[in-house]
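Taking it in order: structure first as structure tokens, then the write-up.
Counting starts at 1 for both ligands and their atoms, in listed order.
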Amino acid sequence: MELKGKVTFITGGARGIGLSIARKFAEVGSDIAICDVNEKSLDEAASALKASGRQVMTGKIDVTKFEEVQSFIQKILDKFERIDILINNAGITRDGLLVRMSESDWDAVLDVNLKGTFNCTKAVSKPMMKQRGGKIVSIASIIGITGNPGQANYAASKGGIIAFTKSIAKELASRNINVNAIAPGFIETDMTLKLSEDLKNSMLKMIPLGKFGKTEDVANLALFLVSNDSAYITGQVIQVDGGMVT
Ligand code: NDP
């Protein structure tokens, strides 16, 4: 699979799953634009990605702010004159049982995970419609399918991404734009590093393949979903979870 001549925009692309997707796509020829809220990690990611020889653009952009997102998309269009792929990856957790969950923890998670996905998808949809083609992949979670105690905000945001994906896939199909979601299970990143050993061990017992996923496992599926090999796949949610949820 190759992405020569393509331009990819990845949100939250400075580390974790987002950076892994950026690396994989750059390796197979895509120019990369990443946004994130942390300037230091953005700079580090940019240096690592430039080693691929592809063009790399970074922006300290908060996906919850539509105007910031829209002006970054304009900068991508000014530089590359096209945008082929959007990966909605930026996401946060603010876990807590409902009785203790503050309104601000609810709002923060819904804002970044769900509204951020809306903002970026809306902003790329016009240029993609004009180009008569594009690929949009959003990183949901198996928690958006199963629910999880202590993660009502996160589950609602990820379930929302799944419903959003199915709706937008139907809206954009006639313009040759594929819209899909990936639902990872337990992937080793900074987000999961902060979980207790007890919780990690109990989760491991629920994974038939007997190991946690790597960021590359998600990146490999993302690459398939933006390649020509998946041209007839849209509106789908595909799990990368070692068989955890069936
Ligand atoms: P990380 O926390 O490692 O990376 C997320 C990135 O998003 C960080 O660089 C973060 O910046 C950035 N970010 C946070 N808020 C914003 C914002 N408002 N605007 C732009 N960027 C932002 O997470 P993962 O790589 O683990 O997760 C990536 C995605 O995959 C998330 O959507 C997550 O929910 C999902 N996922 C992850 C799973 C896992 O097991 N790891 C399982 C299922 C789904 P900063 O450095 O400042 O925090």
> Hey, is ligand 1 close enough to Asp36 that some N/O pair sits below 3.5 Å?
Replying inline: yes
>> Let's go through Val237 and Lys166 carefully: what are the C-alpha distance in whole Å and the side-chain angles of both, what is the deciding distance for side-chain contact (heavy atoms from CB on, under 4.5 Å) to 0.1 Å, and is it a yes or a no?
In response: CA-CA 9 Å; Val237 184; Lys166 292 181 181 184; 4.1 Å; yes
> Side chains of Thr64 and Asp62: donor-acceptor distance under 3.5 Å anywhere?
Replying inline: yes
> Quick one: which of Thr11, Val37, Thr93 has a heavy atom closest to atom 17 (C) of ligand 1?
Replying inline: Val37
> Around Arg54, counting heavy atoms of other residues, nucleotides and ligands shown, do more than 12 lie under 6.0 Å from its CZ?
Replying inline: yes
>> Taking 4.0 angstrom as the limit and counting only heavy atoms of Ser141, give me the atoms of ligand 1 inside it, by number and element.
In response: 43 (C), 44 (C)
>> If we only consider heavy atoms of Gly185, is any one of them less than 4.0 Å away from an atom in ligand 1?
In response: yes
> Relative to atom 45 (P) of ligand 1, which among Lys158, Lys115, Met203, Arg15 owns the nearest non-hydrogen atom?
Replying inline: Arg15
>> Students should be able to answer this: which protein heavy-atom is nearest to atom 39 (C) of ligand 1, and at what distance?
In response: Ile187 O, 3.5 Å
> Is the backbone of Gly13 close enough, under 3.5 Å, to the side chain of Asn89 for a donor and an acceptor to pair up by distance?
Replying inline: no
> Any N or O of Ile17 that comes nearer than 3.5 Å to an N or O of ligand 1?
Replying inline: yes
> Is the NZ atom of Lys130 crowded by more than 12 outside heavy atoms at less than 6.0 Å?
Replying inline: no
>> For a quick check under 3.5 Å, do Glu216 and Asn220 share a side-chain donor-acceptor pair by atom type?
In response: no
> Judged by modelled atom types alone, do Ser138 and Thr117 share a side-chain donor-acceptor pair under 3.5 Å?
Replying inline: no
> What's the shortest distance from atom 5 (C) of ligand 1 to any protein heavy atom, and which residue and atom give it?
Replying inline: Gly91 O, 3.9 Å
> Hey, are the side chains of Lys158 and Gln151 touching, using non-hydrogen atoms and a 4.5 Å cut-off?
Replying inline: no
> Tell me, which protein residue and heavy-atom name are nearest atom 6 (C) of ligand 1, and how many Å apart are they?
Replying inline: Gly12 O, 3.6 Å
> Do the side chains of Val218 and Ser20 get nearer than 4.5 Å, heavy atoms only?
Replying inline: no
>> For Thr192, which part has a heavy atom under 4.0 Å from ligand 1: side chain, backbone, both, or neither?
In response: side chain
> Which of the numbered atoms in ligand 1 are below 4.0 angstrom from a heavy atom of Asn38?
Replying inline: 46 (O), 47 (O)
> Do we see a donor-acceptor contact under 3.5 Å between the side chains of Lys65 and Asn119?
Replying inline: no
>> Tell me the nearest of Ile61, Leu42, Val112 to atom 20 (C) of ligand 1, using heavy-atom distances.
In response: Ile61
> Is the shortest side-chain N to carboxylate O distance from Lys40 to Glu44 below 4.0 Å?
Replying inline: yes
>> What I'd like to find out is whether the side chain of Leu49 reaches to under 4.5 Å of the side chain of Ile34, using heavy atoms alone.
In response: yes
> Short N/O distance, under 3.5 Å, between Thr189 and ligand 1?
Replying inline: yes
>> With heavy-atom distances below 4.0 Å as the criterion, list the atoms of ligand 1 near Gly16.
In response: 3 (O), 25 (O)
> Tell me: protein heavy atom nearest atom 18 (N) of ligand 1, and distance?
Replying inline: Asp62 OD1, 2.9 Å
> Got a donor-acceptor contact below 3.5 angstrom from the Asp31 side chain to the Val7 backbone?
Replying inline: no
> Which of the numbered atoms in ligand 1 are below 4.0 angstrom from a heavy atom of Phe186?
Replying inline: 40 (O)
> Looking only at heavy atoms, is any part of Tyr154 under 4.0 Å from ligand 1, and if so is it the side chain, the backbone, or both, or is it neither?
Replying inline: side chain
>> Looking at ligand 1, is there an atom of it that comes within less than 4.0 Å of some heavy atom belonging to Phe212?
In response: no
> Side chain, backbone, both or neither: which part of Ala140 has a heavy atom under 4.0 Å from ligand 1?
Replying inline: backbone
>> Against ligand 1, does Ile142 come closer than 4.0 Å with any heavy atom?
In response: no
>> Starting from atom 14 (C) of ligand 1, what is the nearest protein heavy atom, named by residue and atom, and what distance separates them?
In response: Ile92 CG2, 3.7 Å
>> Can you tell me which residue among Phe25, Phe80, Phe72 is in a ring-ring contact (aromatic ring centres under 6.0 Å, His included) with Phe9?
In response: Phe72
> Where is the nearest protein heavy atom to atom 31 (C) of ligand 1: which residue, which atom, and how far?
Replying inline: Asn89 O, 3.1 Å
> When you measure from atom 30 (O) of ligand 1 to every protein heavy atom, which one gives the shortest distance, and what is it?
Replying inline: Ile139 CG2, 3.2 Å
> Do Val63 and ligand 1 have an N or O pair less than 3.5 Å apart?
Replying inline: yes
